[in-house]
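Read the structure below first, then the notes.
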Amino acid sequence: MTSDTVEAPAGPHDLAPIRVLATEAAELRFDRLPADVVALVGMSVLDTVGVALAARAEPVVQLVREELAGPGDTVLWGGARSDPGSAALVNGVAAHALDYDDYAPGSGLHPSAPLVAALLAAASLESGRGRTVTGRDLVAAYVAGYEVQERLGLVLWPSHYARGFHTTGTAGTVGAAAGAAHLLGAGPREMTAALGLGATDAAGVKAMFGSMGKPYHAGRAAASGLRAARLAMRGITVGDDPLFGPQGLVAASSAATPGDLGPVRAPFGEPWHVLDVLPKLTPSCFGTHAAVACALDVRAAVDGQPIRRIVLTIPPVLLDVCTIPTPRTGLEGKFSLAYTTAAALRHGAVSVASFTDEAVRASPVVELGSRVELVLDDGLVKTASRLRVELGDGRVLTAERDAAQRLWTDNPEEVRPRVEGKFLELAQGVATPAEVVAMLRDLPALPDVDALSTLLVGVH
């Protein structure tokens, strides 16, 4: 039987889900990006390198730096150099070591730590080959990587997280692979391979929370993502759909079904998920942020009265994330609602200095934290908390907060100076912090990303 009918080729959104995502990521161009997205990328890069510079003396950062510093031209932020893969790992660890890096409320990812570390390492790799990577190149690659990892993260959430996986280490690896592959010039075929290799490298478990192993997730994601992109560009092949197919990452590590793949099939820009990113203004697990905000709301009204009882109502998802009752180290303090709430009530602020080993063991805060009672309410969204403080004079103070405000979209003129001020505070000791701020305020105008890396290597 013959026919003169010619079957129309499949459109990009009739393809297997991984190829849909890969095509969108590979074909994204800077000129497609709206102005608010472009401006946000520079702010996110600034925030990421700032928290990494502030963490350069953290034990975990020193350990991985000592192990991996060596021959190479890629900058380890804050001093020294190494090969691109090692630099991606060291810088990714540093960017997440203080738990002060940004957060994506939809997927629960820390999106920029693995992504920025992988991208600047990829830019260094390209520079070594004689290609200049511009600020426009970096912006487009960041958005490509971000949109891939967030769409994957939305499909994985919440069952993936509930099973014990840390999305920064899993979806973050795939996002870093996408961003790095975009920067290296991948087409849809190479991008598909990069995503597939990222999927098979994806790893990170929540059992590491409160330890040096958690920031290692971000560093390993950056290094693995970069390696996946490099191998994809060399022509390595992958299975039909290692992300969304049978026995792929999603099927193996979550309860998601084919009906949950809407975020993957939606074209980039419908919506721009990158606009939901939340720069952190408290250096602790994002699950503690709403409680800290509640404590700061009521603190002035305490007015020196003894506190008889503290009841903190939280969503159940936080139970296995940030409920260490009596932290013994600064790292554990970042995952303790009792400690962070007590510190905010007692001191009126929660800062980097709040998370030394000595600070979390201070008797007055430990005693106040022991009074924090946790109550679960599945009616609360995952980023919200409700606080009730009973005082010795009989008064009852209450507050409720949701920490997941769309800060950049709703109030960019307030957010930018706060993030820039955060950077200037954290980057003390860097040779020219004001120059870094100015450079990233207009990232698309940067003719060579190497100029940024050069600023990040010099310290007093």
Side-chain angles (χ1 to χ4, degrees), residues 44-102 110 112-129 133 138 141-142 145 168-169 172-173 176 179-180 183-184 212-227 229-230 352 423-424 426-433 435-437 439-440 446 448-460:
S44 295
V45 174
L46 179 71
D47 189 54
T48 303
V49 297
V51 297
L53 291 169
R56 62 187 182 273
E58 288 291 302
V60 63
V61 179
Q62 292 184 329
L63 290 170
V64 295
R65 182 188 296 268
E66 289 167 5
E67 178 65 24
L68 296 174
D73 295 324
T74 306
V75 170
L76 307 184
W77 304 335
R81 295 177 185 265
S82 191
D83 64 274
S86 295
L89 196 152
V90 174
N91 292 336
V93 168
H96 196 44
L98 295 178
D99 228 294
Y100 210 178
D101 50 314
D102 59 17
H110 291 270
S112 292
L115 189 51
V116 175
L119 288 176
L120 291 187
S124 174
L125 181 68
E126 289 294 87
S127 177
R129 295 169 173 168
V133 175
L138 184 63
Y142 177 96
T168 301
T173 301
L183 199 70
L184 298 179
M212 293 183 187
K214 185 173 188 278
Y216 178 72
H217 292 169
R220 191 210 48 77
S224 295
L226 175 62
R227 182 175 61 244
R230 295 176 70 177
V352 172
F423 175 85
L424 292 172
L426 294 177
Q428 294 177 18
V430 176
T432 51
E435 192 174 347
V436 177
V437 170
M439 183 179 289
L440 289 172
L446 185 63
D448 188 346
V449 170
D450 262 0
L452 171 62
S453 293
T454 298
L455 292 179
L456 299 178
V457 76
V459 296
H460 294 305

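Not measured: the values here are computed from a predicted model.
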Look only at the side chain of Arg227 and the backbone of Gly85, and say whether a donor-acceptor pair between them is shorter than 3.5 Å.
-> no
pair Asp101-Thr48: side-chain heavy atoms closer than 4.5 Å | no
Going from CG on Leu183 to CD on Glu126, what distance comes out if it is rounded to the nearest 0.5 angstrom?
-> 6.5 Å
Determine the minimum heavy-atom distance between Ala176 and Ala222, stating which atoms define it.
-> CB-CA, 4.2 Å
Derivation of the side chain to side chain contact (heavy atoms under 4.5 Å, CB included) call for Leu452 and Val45 | CA-CA 10 Å; Leu452 171 62; Val45 174; 4.2 Å; yes
Less than 4.5 Å apart, any side-chain heavy atom of Tyr100 and any of Val352?
-> yes
Of Leu456, Leu426, Val436, the residue whose pairing with Leu53 passes side-chain contact (heavy atoms from CB on, under 4.5 Å) = Leu456
Return the minimal non-hydrogen interatomic distance between Gly225 and Ala180, and the atom names on each side.
-> O-CB, 4.4 Å
State whether the number of non-hydrogen atoms from other residues, nucleotides or ligands found under 6.0 Å of Gln62 atom CD is greater than 12.
-> yes
Where do Leu184 and Leu125 land on the side chain to side chain contact (heavy atoms under 4.5 Å, CB included) test, with the steps shown first?
-> CA-CA 9 Å; Leu184 298 179; Leu125 181 68; 4.3 Å; yes
Verify side chain to side chain contact (heavy atoms under 4.5 Å, CB included) between His110 and Asp99, making sure each step is shown before the conclusion.
-> CA-CA 9 Å; His110 291 270; Asp99 228 294; 3.5 Å; yes
Is any side-chain heavy atom of Leu119 closer than 4.5 Å to a side-chain heavy atom of Val133?
-> no
Which atoms form the tightest heavy-atom contact between Pro114 and Gly172, and what is the distance?
-> CB-O, 4.2 Å
Nearest-0.5 Å distance that lies between atom CD in Glu58 and atom CG in Leu98 = 5.0 Å
Can you check whether Val75 reaches Asp450 side chain to side chain, under 4.5 Å on heavy atoms?
-> no
All heavy atoms of Ala121 vs all of Ala88, minimum pair found to be CB-CB, 4.0 Å
For Asp102 and Tyr142, work out which heavy atoms get closest and say how close.
-> OD2-OH, 4.2 Å
Is Arg56 reaching over with its side chain to a backbone N or O of Leu76, donor-acceptor style, under 3.5 angstrom?
-> no
So CG of Leu226 and CG of Leu120: to nearest 0.5 Å the spacing works out to 11.0 Å
Sorted by chain and residue number, the salt bridge (Lys or Arg N to Asp or Glu O under 4.0 Å) partners of Arg230 (sequence neighbours excluded) come out as none
From Thr168 atom OG1 to His96 atom NE2, the distance as rounded to the nearest 0.5 Å = 5.0 Å
Under the salt bridge (Lys or Arg N to Asp or Glu O under 4.0 Å) test, residues paired with Asp47 that sit two or more places apart = Lys422
Quick one: does Thr173's side chain get under 4.5 Å of Arg220's, heavy atoms only?
-> yes
Would you list the pairs meeting side-chain hydrogen bond (donor to acceptor under 3.5 Å, both in side chains) in which at least one residue belongs to residues 72-95, sequence neighbours left out?
-> Thr74-Ser124, Asp83-Ser86
